[in-house]
There are 2 protein chains.
Amino acid sequence: MRSYGQYCSVAKALDVIGDRWTLLIVRELLARGPSRYTDLRSGLPGIATNLLADRLREMEAAGLVEREDAPPPIATTLFRLTDRGGELEPVLSALGRWGVPLMRDYRPEDAFLGQWLRLPVRMFLADHEPDRPSVSIQVRAGDQAVVIDADGGRVSLRLGADPDADATITGPPPRVLALFSGSVALDDAEEQGLQVTGSREAVQRVLPRAGRAAGADGTASA
Amino acid sequence: MRSYGQYCSVAKALDVIGDRWTLLIVRELLARGPSRYTDLRSGLPGIATNLLADRLREMEAAGLVEREDAPPPIATTLFRLTDRGGELEPVLSALGRWGVPLMRDYRPEDAFLGQWLRLPVRMFLADHEPDRPSVSIQVRAGDQAVVIDADGGRVSLRLGADPDADATITGPPPRVLALFSGSVALDDAEEQGLQVTGSREAVQRVLPRAGRAAGADGTASA
DNA sequence: CTGTATCCGCCCAGATACTG
DNA sequence: CAGTATCTGGGCGGATACAG
């Protein structure tokens, strides 16, 4: 990217991460951890392979990404964020939060991947009952299934289905996001097309509670 | 900007503010308040006038900016951030903080404007002695002079010179930024080419103190 | 003086095909 | 699996001309 040529830390930051796709690559690496080239590409629908290669090279040169040749049994290259790259997390977080109201407009052509729930889960969900036995909640939004685990105060997300989950949430991505971001209560979400089977208590355990809501309905306060 | 076509709040946010110059226009409007077209242009050295016009129109359509026809005596149009636009402040803040270590590389061709100190001042400086009489500190970095006022716990910045200031700091922009961001102590900054005349006490009153330092030297922790 | 519109040349983004 | 090579269109920067 052409430099802005301004001695200002915002401009300097944008000189490094202002290129198209760069921050989304960081998102993938934050959400997935060290990843193979092919996995990055499939997590970034719409990116051209040459652009991904270009960006990874630039990000490596800028010290955001390292490539690591995995040990013999795997025999592939992994891309991982450096510490400096990981420090972009607050930027992604602020951007993601600002973007929540925009999630109202869901277009049929929009791609959706279950792994993209990782950042919202980290941002909005919490285990409000850390002393109770762990629960798992399967989420089916879009094609892939993911499972959210609440265990001892921590909430995490793993990819894949789990028929033994305590609860299963099924519905279109916008309804799931509205529920997770706290802009819609569970009861209302169900009326709006979200199906919940199994333990509703397990779901309530992790949902954001009043006072922690994030104004995801577009009425966020300043 | 072409949409990423991804149902993810980061991607949606970048669909809106990912265009080149957009966030820098927000920076200007945050730092200066409602501004005339010409003032925006002079605060964004390097931007082409058509691009500025394009961006302002797009930002207006996206609900980030409003144009306001100023009352008769002024007879000009002012551009101001909407509430929604102002909510980008945390994004700018996170970006600016991440960019601080990049301020080490100062290139002679880099433009520098005094008003760009507004965000660093807000971010790093504080009035540590709110009960004492107000002080003003003139800063001469680059061509324009600015004055920092510490008054009753608040720190603010105004453009222009002030020969009656309690102290004056003169030096190259990188030295001033290093001082303000807390990565260099006042004594060290003076050894590195910063001139301080008048009350050093007034300067110390607003500088960041240990424990609030921001790792501006590139050693910031995760 | 302030703000907008038009033209041009260049580079980046994007799509596709292909290779180690 | 992990890219490179090639081609095309559009965004961008820059200059300039125009309108209130």
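These numbers were taken from a predicted model, which means no experiment stands behind them. First the proteins, then the strands, lettered A, B, ... as listed; each starts at 1.
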**Item:** Rounded interatomic separation in angstrom, taking CZ from R41(B) and P from dA5(C)
**Value:** 14 Å
**Request:** Take the angle between the ring planes of F79(A) and Y37(A) and call it parallel below 30°, perpendicular above 60°, tilted in between.
**Result:** tilted
**Prompt:** For L179(B), which of L207(B), V139(B), V196(B) qualifies under side chain to side chain contact (heavy atoms under 4.5 Å, CB included)?
**Reply:** L207(B)
**Message:** How bent is the helix from dC1(C)-dG20(D) to dG20(C)-dC1(D), measuring the angle between the end axes built from five pairs each, rounded to 10°?
**Reply:** 40°
**Message:** Whole angstroms only, please: what is the CG-P distance between L56(B) and dA5(C)?
**Reply:** 12 Å
Show me the donor-acceptor pairs, under 3.5 Å and distance only, between side chains in residues 23-31 of chain B and residues at least two apart or in other chains.
residue: R27(B); atom: NH1; partner: Q6(A); partner atom: OE1; Å: 2.9
residue: R27(B); atom: NH2; partner: Q6(A); partner atom: OE1; Å: 2.9
residue: R27(B); atom: NH2; partner: G43(B); partner atom: O; Å: 3.4
residue: E28(B); atom: OE1; partner: Q115(B); partner atom: NE2; Å: 2.6
residue: E28(B); atom: OE2; partner: W116(B); partner atom: NE1; Å: 2.9

**Item:** Atom-pair distance (CG on L52(A); P on dA2(D)), nearest Å
**Value:** 10 Å
**Under-4.0 Å side-chain N/O to phosphate OP1/OP2 contact, T38(A) with dA2(D)** = yes
**Donor-acceptor pair between T168(B) and Q138(B) side chains, under 3.5 angstrom** = yes
**Request:** Please list, chain by chain and in numerical order, all residues satisfying side-chain hydrogen bond (donor to acceptor under 3.5 Å, both in side chains) with S3(B), sequence neighbours excluded.
**Result:** D15(B)
**Message:** I need the minimum non-hydrogen distance between A189(B) and V184(B), along with the two atoms involved.
**Reply:** N-CG1, 3.4 Å
**Fill in**
Separation of dG13(D) atom P from L44(B) atom CG, nearest Å, is 11 Å
**Message:** What does the B/S/- profile of nucleotides 13-20 of chain C look like, 5' to 3', with a 4.0 Å heavy-atom cutoff to protein?
**Reply:** SBBBB---
Name each donor-acceptor pair under 3.5 Å that joins a side chain in residues 140-157 of chain A to protein atoms two or more places apart or in another chain, with its distance.
residue: Q144(A); atom: OE1; partner: G114(A); partner atom: N; Å: 2.7
residue: D149(A); atom: OD1; partner: R158(A); partner atom: NH2; Å: 3.0
residue: D149(A); atom: OD2; partner: R158(A); partner atom: NE; Å: 2.7

**Prompt:** When the distance from CG of L24(B) to C1' of dC12(D) is rounded to whole Å, what number comes out?
**Reply:** 15 Å
**Message:** So, does R57(A) get its side chain near the phosphate of dT4(D), meaning an N or O under 4.0 Å from OP1 or OP2?
**Reply:** yes
**Prompt:** Who are the side-chain hydrogen bond (donor to acceptor under 3.5 Å, both in side chains) partners of R175(B), not counting sequence neighbours?
**Reply:** Q192(B)
